[in-house]
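Heads up: the structure comes next, in C-alpha cells.
A note on names: the letters A, B, ... follow the listed sequences, proteins ahead of strands, and every chain is numbered from 1. Just so it is clear, the values below take in all heavy atoms, side chains as well, and ignore hydrogens, waters and symmetry mates. If you're wondering where the values come from, they're calculated on a predicted model, not measured in any experiment.
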There are 2 protein chains.
Amino acid sequence: MPQPSAPRKSPGRPPRISREEVIGTARRIVTEEGVDRLTMRRLATEIGSTPMALYHHVRNKEELLVLLLDDYAAQALRRPELPAHPRRRIVVAAAAIHEALAACPWIVEVLTADDLMSTSALWFVEQIVDGLVECGLSPERAVHGYRAIWYYTAGEIVVRATAARRRADDDRGTYREQVFGDLDPGELPRLAQIADRWAPLTGEDTYLDGLRALVDGLLAAR
Amino acid sequence: MPQPSAPRKSPGRPPRISREEVIGTARRIVTEEGVDRLTMRRLATEIGSTPMALYHHVRNKEELLVLLLDDYAAQALRRPELPAHPRRRIVVAAAAIHEALAACPWIVEVLTADDLMSTSALWFVEQIVDGLVECGLSPERAVHGYRAIWYYTAGEIVVRATAARRRADDDRGTYREQVFGDLDPGELPRLAQIADRWAPLTGEDTYLDGLRALVDGLLAAR
DNA sequence: ACCTGAACACCGTTCAAGT
DNA sequence: ACCTGAACACCGTTCAAGT
C-alpha cells in the first residue's frame with residue numbers, strides 16, 4: 001500500500017508537496033499533540049496548502065492513519081537479537097512488538113486493525129509462529145497461537161491506553177473507588193477482600209507474566 | 001454514576017424528557033444503525049427536542065456512551081449457572097462476558113474503558129478471581145490473572161470488530177493477499193508455508209482455545 | 001428546573017474550475 | 001498532473017434568554 005507515486009515522464013504540473021511530506025508532517029502533529037489533533041484541515045495549513053491538495057497524495061484520512069502506522073512500525077520495530085530457545089524467542093518477539101506499541105500512545109486508534117499491524121511486523125510474526133512450530137505445534141495451531149498472543153498484546157495496549165486517557169480526562173478514579181467501597185462482602189467476597197489493593201495491583205505492569213502464562217498454556221499439549 | 005436524578009420537591013418546570021428516554025433512544029439508534037450514527041443532534045431530533053436539552057440529563061457524549069454500556073451490560077449479562085470446578089468456572093465466566101460483548105459490535109469504541117467494564121460485570125469478575133484463588137493463587141496473583149484474561153478478551157473483541165469493519169469498508173483483503181503472496185520463503189519461511197491458509201485460519205473462532213491455554217498457564221505454578 | 005435559539009469553532013469530503 | 005475556492009452536510013458544546 002505505501003506505493004510511492006511513481007514519477008512517470010512528468011507530463012503535467014510539478015508537485016508542490018509529496019506524500020512523504022504529508023506523512024512526515026502528520027507524524028509530527030500526532031507525536032507532539034496527539035492523534036485527536038490531526039485533522040486534514042490542520043495538516044493542510046501546517047503544510048502550507050489546502051485540505052484538498054492532501055487528497056491527491058492519500059485517499060482519505062483512514063489511509064493516512066494506516067500509512068502513519070506503517071511509518072512508525074518501520075522505524076520503531078528494530079529487530080532484536082533473539083534467543084535460540086524457541087519458547088524464549090516467542091516471548092522476546094511478542095514483547096518487542098508490545099514495547100514499540102506501548103511507547104506510542106496515539107497508535108491505539110489505528111492499531112486495532114487486523115492480525116498484521118504492518119508489513120514491518122511480519123518478521124516478528126514469523127519468529128513467533130516458528131517458535132511455536134519448533135515447540136511441537138502444527139502450523140495451524142501455531143497460527144492460532146500467534147493470534148491469541150496478538151489478542152492479548154493488543155488488548156493490553158488498548159485497555160491501558162484508554163484507562164490512562166480517562167484518568168486524565170476526569171475523575172473516573174473516584175468512581176472506581178466508590179464502586180469498590182460499596183461492595184457487599186456477602187455477595188462479592190473476593191473483590192471486597194482486595195478492594196483497597198485493587199488500584200495499585202491494577203497499576204502494576206504484568207504484561208510479561210501474562211504473556212509467559214499464555215505461551216506456557218499454548219505449548220502444553222492438551 | 002447512573003444516578004437517577006432524584007425528584008426533589010419539584011420546585012421548577014416539569015421535565016419533558018427523562019434520562020431513561022435519552023438512554024433508551026440512544027440505544028435504539030446505536031443498535032439499529034451503529035454507534036457512528038449516534039450524534040447529540042440526531043438523538044435530539046429523534047427524541048423531539050433540541051441538542052441542548054440532552055445536556056440537562058447527561059454531562060456530555062462520553063458519559064452518554066458509558067451509560068449506554070452500563071445499560072447494555074445490565075441487560076445482556078444474565079448470570080449463567082457456573083460449574084463447581086474452579087478452573088471451568090473461570091472459563092465459563094470469561095466466556096459469558098466475551099459472548100455478551102461479541103454480540104454487540106458497537107460496544108468496541110466504548111468498551112476499551114478500564115478493567116471493569118461495568119458494575120454489572122463485577123459478579124463475573126468475582127467468579128474469575130475466586131476461581132483463581134481456589135486454584136491456589138494468592139489474591140494478588142488472582143487479580144493479575146483476571147487482568148490478563150480481560151486483556152485477552154477485550155483484545156479479541158476489538159481486533160475482530162475492527163477487522164470486520166475494515167473488510168466492509170474497502171478491499172483490505174486484497175492488500176493482505178498481496179502481502180502474503182509476495183512473501184520471500186527464504187526470509188519468512190513459516191509464513192510463506194501457510195500463506196494460502198492464513199485467511200481461513202484467521203477466520204476461525206478460537207477464543208475458547210486461547211482462553212483455556214491462558215488459564216492453564218496462569219494456574220501452572222511457575 | 002428545565003428547555004430553546006442562535007452562535008462558536010470546528011469537521012471530512014466533493015465538485016468544478018484553474019494552471 | 002496537481003492544486004485551489006467555494007460549498008455541502010455535518011459535528012459537540014457554550015451562552016444568554018425564556019417559561
Side-chain angles (χ1 to χ4, degrees), chain A residues 3-26 29-30 33-68 106 109-110 165-166 168-170, chain B residues 3-26 29-30 33-68 106 109-110 165-166 168-170:
Chain A
Q3 199 176 346
S5 45
R8 290 168 187 272
K9 296 157 204 159
S10 61
R13 185 165 160 172
R16 261 212 268 279
I17 58 178
S18 67
R19 182 183 253 228
E20 281 66 42
E21 195 182 354
V22 172
I23 296 174
T25 311
I29 294 174
V30 140
E33 307 186 41
V35 73
D36 297 345
R37 303 291 275 274
L38 179 68
T39 70
M40 300 302 266
R41 295 171 120 96
R42 166 78 191 282
L43 180 54
T45 60
E46 202 88 340
I47 226 169
S49 185
T50 64
M52 273 320 296
L54 305 176
Y55 286 85
H56 242 268
H57 299 92
V58 297
R59 209 201 313 182
N60 49 29
K61 195 180 179 181
E62 169 86 8
E63 194 192 75
L64 175 62
L65 287 170
V66 173
L67 289 170
L68 226 44
W106 62 265
E109 347 266 297
V110 202
R165 178 151 46 88
R166 290 270 164 83
D169 273 16
D170 52 23
Chain B
Q3 198 177 345
S5 45
R8 290 167 186 273
K9 297 158 203 158
S10 60
R13 187 167 157 171
R16 262 212 266 280
I17 58 179
S18 67
R19 182 183 253 226
E20 281 68 41
E21 195 182 352
V22 172
I23 296 175
T25 310
I29 294 174
V30 140
E33 307 186 41
V35 73
D36 296 345
R37 303 291 274 275
L38 179 68
T39 69
M40 299 302 267
R41 295 170 119 97
R42 167 77 192 280
L43 180 54
T45 59
E46 201 88 342
I47 226 169
S49 185
T50 64
M52 272 321 295
L54 304 176
Y55 285 86
H56 243 268
H57 300 92
V58 298
R59 211 201 311 184
N60 49 28
K61 194 179 180 182
E62 169 87 7
E63 193 193 76
L64 175 62
L65 288 170
V66 173
L67 289 170
L68 226 46
W106 62 264
E109 346 268 297
V110 202
R165 176 150 46 87
R166 290 270 163 84
D169 272 17
D170 53 22

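- Of the listed nucleotides (C/dG5, D/dG5, C/dC2), D/dG5 has the atom at the smallest distance from the side chain of A/Thr50.
- Between the NE2 atom of A/His56 and the P atom of C/dC15 there is a distance of 14 Å, given to the nearest Å.
- Two residues are said to be in side-chain contact when any heavy atoms from C-beta on lie closer than 4.5 Å; B/Leu64 and B/Met40 meet this criterion.
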* **Footprint string (nucleotides 8-14 of chain C, 5' to 3'): B base within contact, S backbone only, - free, heavy atoms under 4.0 Å** => ---BBBB

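- Note: CZ (A/Arg16) to P (D/dC2) measures 12 Å, nearest angstrom.
- In this structure, CG in B/Leu67 is found 10.0 Å from CD in B/Glu20, a value given to the nearest 0.5 Å.
- Here the CG-OG1 distance, from A/Leu38 to A/Thr25, works out to 10.0 Å after rounding to the nearest 0.5 Å.
- Salt-bridge annotation for A/Glu46 and A/Arg37: absent, with no side-chain N of the basic residue lying under 4.0 Å from a carboxylate O of the acidic one.
- The distance from atom CD of A/Glu21 to atom C1' of D/dC2 is 14 Å, rounded to the nearest whole Å.
- Of all heavy-atom pairs between A/Leu68 and A/Trp106, the closest is O-CH2, 3.8 Å.
- Shortest non-hydrogen contact noted between B/Ala44 and B/Pro51 is CB-N, 3.3 Å.
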* Can you give the dot-bracket line for DNA chain C, using ( ) for pairs inside the strand, [ ] for pairs that cross earlier ones, | for pairs with another strand and . for unpaired bases, where Watson-Crick and G-U count if both distances are under 3.5 Å? -> ||.|||||...|||||.||

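- With hydrogens and angles ignored, the 3.5 Å screen pairs a side-chain donor or acceptor of A/Arg19 with a backbone N or O of A/His57.
- Going from the C1' atom of C/dA17 to that of D/dC2 covers 13 Å, rounded to whole Å.
- A/His57 has a side-chain polar atom (N or O) that falls below the 4.0 Å cut-off from OP1 or OP2 of D/dC3.
- D/dA9 and C/dC10: their P atoms are spaced 22 Å apart (whole Å).
- Contact between A/Ile47 and A/Val22 at its shortest, heavy atoms only, is CD1-CA, 3.7 Å.
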